[in-house]
Amino acid sequence: MNRRMGTRLVWAVLAGAAADLAGLGLIAAAAWLITRAAEQPPLAALSVAIVATRAFATSKGVFRYAERLTGHDVALRAQAGTRERLYDALIAPRGSGHGGADLLSRMVDDTDAVQDLLVRCLLPATAAGVTGLAAVVIGLTLLPAAALVLLAGLVAAGVLLPLWTSAAARRWSARIAPARAALAGRVADLVHGSADLAAYGANERALGQARAADEALAALERRQARVHAAALAGGTLVQGLTVAAIVLLAQNAGVGSVGTAVLALTALVSFEPVLPLAAAGERMAGITAAIRRLREVRSAAPAVAEPAAPVAPPSGPLTVEVDDLVVRHGERTAVDGVSLRLTPGRRVAVVGPSGAGKSTLLAALMRLVEPASGTMRVNGVDLAALPGDDVRAMMTGLTQDPYIFQTTLRDNLRLAGPEADEEGLLRAVREARLDGWVERTGWDAELGEDGRTVSGGQLQRLALARALLYDPPVLLLDEPAEALDEETADRLMADLLDVTRDRTTLLVTHRLRGLELVDEVVVMEEGRVVQRGHHDELVAVPGYYRDLWESEVLTRR
Ligand code: ADP
């Protein structure tokens, strides 16, 4: 928090305390006024109290307004700052597996917690403390014993009760969170699996499970609500007992009716800002958990460190050289001493069974994972000396799992070229052989939730069109034909090999058809390069490549 925010926060605290003090003053002055007036003194004896009552009544509203204004201003600024820092933390590719719904909830709910911490906990607690202290001081001037009883009552309602509700809330949320997650899982299954559930007549069973999860959650929440109710009742009880004890003490000590009224009403009102602290205590449990989660995201080390002294990226045609590269995922060595060279305009294919380390090799080149050893260079410049974004501007392309955004076809494509004109967009879709589809659906067709309106082949072609529109100096393509049926995959690969002619391309694939067109094939197994050469050379010798080639040829007959 910077200094300006700190100053604003102090103003908010002061305004809140002033509003509560004005409330206290209002009641004390009014109590004095009413009881004194009952004794029918001359009016002049009451005029100060009358003015004071009016002044307190007006200033209470003004101070409360000022508190809300400054308090919310500080809280919203703090929340915005937290969001910004979270965005910054998320832009860098992370090693830890935060993503999807989890991240979304951190962005929305957990940053709300920052606002609540200030508005619902810190500000009210400080104002309540100041008011309670003032009431105790007023009590001390009239009857010290009453002041001590008031102090005890305020501590019970304002400190002990919130501590108890906070601990109870923590205990309950530890039980409620898994129940809520279980229900969310059941509901997600019902929504996403509706077709399969219907196909196997399992609807009723799944509904029954969802209902049971719902009931379990509701039962826990009902029991948690009892804690809330008990805290409310407990606070009011402490307030009532304290006031009653003070009245008794005052009477026993022979304090007059004016003094007793002032003492009792001051005590009663001083609880007003204190009682909501029990609910604040409950909220506090959630807030501390949210802040811990936010810290986790922000402190997660980036998967790849940015260079301390970055150098300028090379320009012009690029040559990529990988030497003896080793990449580990934890204990597991995914890439184990791979070397390759990609010169301008050439195409290299990396093939091998699933788990061979092909995607990890691409991830290392895109600076998404940090290698354990070895070097990667472009035109002689070490990739580690370049900012990650500069590396990805040079080398990028088709990711393994392309995502369709819930927007128009045009905007889905423009992701890779926000400045592209109609002609550029059209060229990209033509090269990706997507022009027929675009003509049928139109540029402004909404691509729907999860891109479900898009077939697997169209999805890959759209991703290819993005890559072609972005047109990086080195095109990286990860399994473009993954999860497609034979015929669609064949057509896509043929088009892809056609359009990448003369483009510097690294193609990861598990299909061999058409690879006679690329300049070099690198065969990987268990992280190592086991064979390399032109397709014609590789099919001529026994080994993984020829076996796979023969089985592909056989299945096509
Ligand atoms: P391929 O692309 O050839 O199928 P990958 O590069 O995806 O192979 O995976 C190589 C090995 O590394 C596999 O054993 C895989 O289980 C492991 N691996 C890949 N990504 C991760 C990851 N993020 N965390 C841990 N292990 C991983």
Side-chain angles (χ1 to χ4, degrees), residues 89-90 92-103 296-297 300-305 320 322-340 342 347-374 376 383 388 391-392 395-403 456 459-460 463-464 467 474-484 489 492-493 496 505-513 515 518 520-532 535 538 543-545 547-549 551-552:
L90 294 174
R94 305 264 123 182
S96 60
H98 298 305
D102 175 46
L103 236 167
E296 254 172 44
V297 175
V304 172
V320 182
V322 175
D323 263 312
D324 208 12
L325 189 73
V326 177
V327 187
R328 297 202 177 90
H329 292 299
E331 296 285 289
R332 193 182 189 101
T333 305
V335 171
D336 193 2
V338 168
S339 302
L340 61 84
L342 186 59
R347 291 182 293 182
V348 172
V350 182
V351 303
S354 177
K358 309 182 293 293
S359 302
T360 305
L361 173 64
L362 286 199
L365 281 170
M366 290 173 77
R367 295 295 283 148
L368 299 175
V369 289
E370 190 72 72
S373 63
M376 298 178 290
L383 289 194
V391 173
R392 288 181 287 275
M395 286 194 274
T396 193
L398 225 67
T399 54
Q400 204 172 21
D401 199 7
Y403 186 77
L459 170 67
Q460 292 293 353
L464 178 62
V474 179
L475 195 55
L476 303 181
L477 304 170
D478 198 354
E479 295 282 9
E482 180 91 336
L484 297 183
L492 177 76
M493 288 304 287
L496 188 140
T505 308
L506 191 63
L507 165 68
V508 163
T509 176
H510 62 283
R511 306 169 56 83
L512 308 189
R513 192 170 229 207
L515 290 194
V518 305
E520 188 190 17
V521 179
V522 173
V523 183
M524 281 180 72
E525 250 180 309
E526 294 183 6
R528 297 173 168 279
V529 176
V530 289
Q531 284 183 290
R532 67 194 324 155
H535 166 88
L538 293 176
Y544 174 86
Y545 194 87
D547 293 347
L548 189 61
W549 175 252
S551 71
E552 261 192 34

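Residue numbers start at 1 and run along the sequence shown. Ligands are counted one by one from 1 in listed order, and the atoms in each one are counted from 1 as well.
Considering CD of E479 and NZ of K358, their distance stands at 5.5 Å, rounded to 0.5 Å. Rounding to the nearest 0.5 Å places CG of L464 at 11.0 Å from CG of L459. Separating the NE2 atom in H510 from the CD atom in E482 is a distance of 5.5 Å, to the nearest 0.5 Å. To the nearest 0.5 angstrom, Q460 atom CD is 10.0 Å from L477 atom CG.
In this structure, S354 has a heavy atom closer than 4.0 Å to ligand 1.
Listed by number with element, the atoms of ligand 1 under 4.0 angstrom from any heavy atom of T360 are 5 (P), 6 (O), 9 (O), 10 (C). Residue contact check: A356 has heavy atoms under 4.0 Å from atoms 1 (P), 3 (O), 8 (O) of ligand 1. Interface atoms of ligand 1 facing R332, defined by a heavy-atom separation under 4.0 Å, are 13 (C), 14 (O), 17 (C).
Looking at atom 1 (P) of ligand 1, its nearest protein heavy atom turns out to be G355 N, 3.5 Å. Ranking the protein heavy atoms by distance from atom 7 (O) of ligand 1 puts S359 CB, 3.7 Å first. Protein heavy atom at the shortest distance from atom 8 (O) of ligand 1 is G357 N, 3.1 Å.
Inclusion of A334 in the set of residues having an N or O under 3.5 Å from an N or O of ligand 1 is not warranted.
Among D478, L362, V322, the one residue that satisfies the side chain to side chain contact (heavy atoms under 4.5 Å, CB included) test with L506 is L362.
Residues passing the side-chain contact (heavy atoms from CB on, under 4.5 Å) test with L548 are L512, Y544, S551, sequence neighbours excluded. Take E520 and apply the salt bridge (Lys or Arg N to Asp or Glu O under 4.0 Å) test, not counting sequence neighbours, and it matches R532.
When heavy-atom distances to ligand 1 are checked against a 4.0 Å cut-off, H329 comes that close only through its side chain, counted from C-beta outward. With a 4.0 Å heavy-atom cut-off, ligand 1 is reached by the backbone of P353 but not by any atom from C-beta on.
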